[in-house]
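I have placed the structure first, in the form of structure tokens, so that the comments after it can refer back to it.
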Amino acid sequence: MDNSTRFPHLRQDFAASLVVFLVALPLCVGVAVASGVPAELGLVTGIVGGIVTGLMRGSSLQVSGPAAGLTVLVFEAVREYGLPALGVIVLATGALQILMGALKLGRWFRAISVSVVEGMLAGIGLVLIAGQLYSMADAKAPASGLAKMAGLPAALTEAATDPGALASVGLGAGTIAVLVLWKRAPKRLRTLPGPLAAVGLATLAALAFSLPVATVEVRGLLDSVQPPSLSAFGELANIGLLGTIVAFTLIASAESLFSAAAVDRLHDGARTQYDKELMAQGTGNAICGVLGALPMTAVIVRSAANVQAGARTKASRVMHGVWLLLFAALLPNVLGYIPIPALAGILVYSGAKLIPVREIVSLWREHRGEALILVVTAVSIVAVSMFEGVLIGLALAVAKTAWEASHIRLEVVDKGAGPVQAYLSGNATFLRLPKILDSLEALPQDRPVELDLSGLHHLDHACRTALENWAERHSAAGTEPVRVTAA
């Protein structure tokens with residue numbers, strides 16, 4: 001039996017794996033540098049995402065690795081708890097994902113409001129762009145999202161007077177320009193992925209003109225991998241760290257499963273098994289945690305590149321992990337030539353793609369409530385923090401759903417003589433109580449009332465008590481007692 005029979009799609013998968021490797025390489029390094037960890041740790045996560053998660057069942061063409069969407073959260077966690085605690089956070093995140101997959105909770109992530117998820121990604125995008133603009137200007141970024149936004153004009157103005165910083169900004173801006181214009185390049189050139197072309201050109205420019213810009217610090221793969229010590233697990237007693245683990249789990253899982261749904265729309269092959277995909281992501285994160293590396297999610301940029309390059313099976317993503325491993329083992333010193341402003345430019349571009357401008361405009365026209373949830377979630381993430389911003393968005397989505405579900409209608413029939421008949425139908429909840437009472441109190445005080453509640457699907461305790469109190473008050477004026485037909 002020859003290889004073409006045993007592996008009928010080997011040629012397509014091999015070609016796709018090279019494309020995905022070339023897309024993933026600059027992104028793995030860029031996400032690591034932006035997260036405040038050694039560049040090699042981004043490669044470790046990419047390798048685990050390719051070889052380990054890639055071999056597991058779930059979504060056959062989805063590619064996993066370090067994602068721009070978690071950069072802000074990882075940076076905050078490393079700044080607050082230190083690099084040794086990152087392994088503990090990522091390991092616990094993986095364990096929670098495995099547990100959720102085993103309990104078949106994966107499909108429930110599809111029930112999370114799309115507006116909250118898009119708002120979450122938009123907030124991450126805004127903070128990511130702001131932070132990376134400081135890297136492009138060779139300046140130190142403030143800690144909070146609001147401070148990053150507020151300090152940008154001063155940082156960029158200061159960079160304009162410093163030749164070194166100006167060269168850094170120019171290199172970063174040039175990288176963004178290449179990424180934006182790459183779609184218009186000749187077809188032969190476009191066989192090279194945009195991110196790799198942009199970083200390659202920036203590296204050549206920095207070397208050719210001897211530009212005074214910062215480059216990636218190379219530590220070596222083995223020196224960068226530092227499994228968490230037993231003392232680092234003591235941090236699990238910290239409530240703040242537990243909140244960070246929940247945020248990692250929620251965001252990594254939601255991003256991976258929403259990416260899976262998007263990838264399913266790109267091909268006609270097997271559909272994603274959501275619970276198995278969640279367990280695959282959890283296994284990958286658990287291993288990344290043991291190695292002290294970055295957390296992983298499924299990444300739509302790499303996944304789309306994989307599908308568009310003609311991948312047919314999961315062999316393509318496994319091979320891309322092998323190519324990342326060979327690069328990290330054989331050519332690590334190449335990383336030392338990559339300018340940091342070029343990586344910052346790639347992440348500014350990635351951050352901009354996280355902001356769903358078109359979706360916000362169309363939502364505002366059709367569903368203003370959803371648009372408001374999206375914007376409030378994004379602004380909350382920038383103003384407060386990632387975890388609190390997502391919670392605010394979820395709370396708003398639940399409140400909006402509850403409000404919409406509590407539709408109630410009051411129909412009054414007054415024939416001029418005899419009792420006034422009032423019919424309540426729908427869902428009577430405390431959210432609509434003011435409206436119900438205003439309508440009932442507007443009924444004539446000197447006439448008997450028949451209140452029919454048989455059309456109600458739901459009557460909560462607050463409404464029942466309020467209706468009883470209204471009936472007593474109405475009857476107290478000497479009118480006949482209100483006759484109530486029970487729900």
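Scanning all heavy atoms of the two residues, the minimum distance from Leu27 to Ser350 falls at CD2-OG, 4.1 Å. The two atoms that bring Arg312 and Asp13 nearest to each other are N-OD1, 2.7 Å, heavy atoms only. Contact between Val213 and Ala206 at its shortest, heavy atoms only, is CG2-CB, 4.3 Å.
Proximity of a side-chain donor or acceptor of Thr272 to a complementary backbone N or O of Tyr274 within less than 3.5 Å is not detected. Using a distance-only test at 3.5 Å, with no hydrogens or angles considered, no donor-acceptor pair links the side chain of Ser168 to the main chain of Gly164. For the pair Ser135 (side chain) and Pro341 (backbone), a donor-acceptor distance under 3.5 Å is absent. A donor-acceptor pair under 3.5 Å links the side-chain atoms of Tyr81 to the main chain of Leu241, judged by distance alone. Under the 3.5 Å distance criterion, the side-chain polar atoms of Arg271 are matched with a main-chain donor or acceptor of Asp264.
By the neighbour-count criterion of 12 heavy atoms within 6.0 Å, atom CG of Leu222 is sparsely surrounded, having that number or fewer from other residues, nucleotides or ligands. In the displayed structure, Arg57 atom CZ is contacted under 6.0 Å by at most 12 heavy atoms of other residues, nucleotides or ligands.
For the pair Leu61/Lys314, no side-chain contact is recorded, criterion being any heavy-atom separation below 4.5 Å from C-beta on. Residues Arg219 and Glu40 meet the side-chain proximity criterion, which asks for heavy atoms closer than 4.5 Å. Looking at heavy atoms from C-beta onward, Leu363 lies in side-chain contact with Ser115 at the 4.5 angstrom threshold. Pro38 has its side chain within reach of Leu83: a pair of non-hydrogen atoms, C-beta onward, lies under 4.5 Å apart. Counting heavy atoms from C-beta outward, Leu374 and Val116 have side chains that stay 4.5 Å or more apart.
At a cut-off of 3.5 Å, with distance as the only test, no side-chain donor of Thr93 or Asn285 sits close to an acceptor on the other residue. Under the 3.5 Å distance criterion, with hydrogens and angles disregarded, a donor-acceptor pair is assigned to the side chains of Glu277 and Gln281.
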